[in-house]
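Read through the structure below, which is laid out as structure tokens, and then see the notes.
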Amino acid sequence: MSAVMIANGALLAVAFALVFGGAATALTGANLVKRVAGVIAALTGAMLGLATLGASAAMLIAAVAIALAYCALGTSLIVRFQESYGAIETQAIDDGDRSDEPQEPRT
Amino acid sequence: MSAVLDLLRAHAPMAALALLFGGAAVALMTPHGRTSWVLALIAMAAAAAVAADMGWRLLAAGGALETSALLAIDGVAAFSAPLIAVLMFLALLAGGSTLADKPKRAQAYVVALHLAVAAGWVGALFARDLIGIVVSVHAAWLATAALVAVSAHRGALNGALRMVMSGGAGAAFMLLGAALVIYATGSSAVAGAADAMISAPRMATLGYVLLIAPLLLMAGAAPLHAWAGPAYGRSDAGLVLAVASISALAVVTRLAAVAATTTAPGLADGVAAALVCAGVASVLIGSLQAVGAVNVRRLVAYAGAAQAGCVLVAIALESPAGLAAALVQLLAWGVGAFALLAGIAASRDTTLAALDGLGRRSPLAGIAITIGALSFMGAPLTLGFLGRWRLIEAGVGAGWWWATGAAIITSLAAVFYGGRLIERLYFRRATEASNFDVDAWRLARAPVMVAAILAVACGVAPAWMLDLAQRAAMLALGLTT
């Protein structure tokens, strides 16, 4: 096994770790800033994976554009949450929503 | 004039996209909200007409498939793009009455976002390669999330946040999945996997699973539908709900088209197994949640998850009959959900109690909700019945007897929650919660009745629609040209 293949394998492993770790943070983070950071980490991992797998320049540019768009909308949502709820902690936001209406049954 | 029409017809996919994006730009630049809404309606109607003409030429008149460097039409796109464009037009028309509730400066943005959503989903259906799909899907998803975020209720922000977070994570998975598929198949074209000699089938299967999982999430398929409850339950009535529902429909359609190309040896079984697992889980969880729902809009979201599950099972059959069943089921889901959501928009409250006596106070809204509920149940003489019937037929034909179980569970659960809706409409007295919203209903009336009439008309005279679905499935699977 050549050194290039080993390096590519390691890079791909890092990319997967970033994508899965970032996704977990984005979906379960206790703070909205951490969640947006998780999305950025996941998309950075995806870009690393694309580069390692030899994706085209068009695909890399598309990935950057998607990452920027999610970052922009996520950041603007943080501002709106601070204005509406006075908090960016997910627990405080969920408590606010719970007080507004009854919960649905969970499965 | 005829030269312009010929040009539009010759480049129908590009023309539809140009009309939608151009309409969004013009709507955004127009300072007056109502004018911007009228201009957007014209652009959307023109795009719907172009898409419908293209679909008719391809499926009914036997025209040839068109392909360009960026865009391509397959059978699924030819069948679904007109449906999605028409439903988006009806949603925009119905949403006009609630536009005045928005701040003046936001009205043009809302209208432009609506067109951006439509352009994103239509673009995703016409995208020739995986990059185009990923970009279009996420453009549409972000626009949908932004529409949800501008709702008046602050709780809708939570729905938008969940959409953005899950969409961002999904974008990472989709990009990685697309790269793995391209690496394994050597082609970025969506149709490339159909006849490719795949050097690494496991890598290709992993790629497709990573590509499909975020689409399931966006389609609101259970258990990946954590965003759907807050987004549906707390968004503004009418416009946003209909857009979110049509988005789910478009996602599953795109998924059907992608899955139809995964017929290469070593790939088909893995993708089919993933779709079956997701479909059955969505049917069971979605049905259970719909039965227990106390918020009527969330009930429609959960019922949609169950309907999506049926479509996924039909797609997993990977046969012409299965794909045709999926398309009929998609049509039934889209029209039924639209009739239900827009009918429910006649009431300001979102609890089930809001429907008490609505059938007497607003007979047309009552009829629309009843037809939507009956279609979800799969009652005879509705589109839903055709969807279930074709799914059972395709499942039995392939020896998948358990697939009939999925259809029956969906229908039984729908009898329970749909029956509850109908009982409240006609057999209860109006309460304080059942506050009829005259303003919201004024413009929603016509689109809702169009959807309700379509649901019944296709159920009564289904031959033409079944023929179109069958030809679309044959085209998508490359069994005819």
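Computation of the quantities below employed the complete heavy-atom set of this structure, encompassing side-chain atoms and omitting hydrogens, waters and symmetry-equivalent molecules.
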**Request:** Look only at the side chain of B/Ser282 and the backbone of B/Ala278, and say whether a donor-acceptor pair between them is shorter than 3.5 Å.
**Result:**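 Checked: no pair found.
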
Has the side chain of B/Arg162 got a donor or acceptor atom that lies under 3.5 Å from a matching backbone atom of B/His225?
->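 Side chain of B/Arg162 to backbone of B/His225, a donor-acceptor pair under 3.5 Å: no, none is there.
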
Checking [X] against chain A: side chain, backbone, both or neither under 4.5 Å from a heavy atom?
| X | value |
| --- | --- |
| B/Leu180 | both |
| B/Leu161 | both |
| B/Leu142 | both |
| B/Ala178 | both |
| B/Leu210 | side chain |

Need one label for [X]: side chain, backbone, both or neither, based on atoms under 4.5 Å from any heavy atom in chain B.
| X | answer |
| --- | --- |
| A/Thr44 | neither |
| A/Leu12 | neither |
| A/Leu77 | side chain |

Working to the nearest 0.5 angstrom, can you tell me the gap between [X] [atom1] and [Y] [atom2]?
| X | Y | atom1 | atom2 | result |
| --- | --- | --- | --- | --- |
| B/Ile182 | B/Ile131 | CD1 | CD1 | 5.5 Å |
| A/Asp94 | A/Glu89 | CG | CD | 11.5 Å |
| B/Leu299 | B/Asn295 | CG | CG | 8.5 Å |
| B/Asn158 | B/Trp227 | CG | CH2 | 13.5 Å |

Relative to chain A, which of [options] shows the most heavy atom pairs under 4.5 Å?
| options | answer |
| --- | --- |
| B/Ala171, B/Ala149, B/Pro223, B/Gly167 | B/Gly167 |
| B/Ala169, B/Ser166, B/Gly168 | B/Gly168 |
| B/Val134, B/Leu176, B/Val135, B/Leu130 | B/Leu176 |

Report the C-alpha separation of B/Leu421 and B/Ile344 in whole Å, then their side-chain angles, then the decisive distance to 0.1 Å, and conclude whether the side chain to side chain contact (heavy atoms under 4.5 Å, CB included) test is met. CA-CA 10 Å; B/Leu421 295 180; B/Ile344 288 164; 5.5 Å; no

- Message: Test side chain to side chain contact (heavy atoms under 4.5 Å, CB included) on B/Leu157 and A/Ile93; report intermediate values, then the result.
- Response: CA-CA 10 Å; B/Leu157 279 177; A/Ile93 293 163; over 6 Å; no

### Query
Highest number of heavy-atom pairs under 4.5 Å with chain B: which of A/Ser56, A/Ala26, A/Ala41, A/Cys71?
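It is A/Ala26.
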
- Item | Interface residue of largest heavy-atom contact number with chain B, from A/Leu73, A/Val39, A/Leu53, under 4.5 Å |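 Highest number of pairs under 4.5 Å: A/Leu53.
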
*asked:* Taking atom OH as the centre, does A/Tyr85 end up with more than 12 heavy-atom neighbours from other residues, nucleotides or ligands that are less than 6.0 angstrom away?
replied: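 Count over threshold, so yes.
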
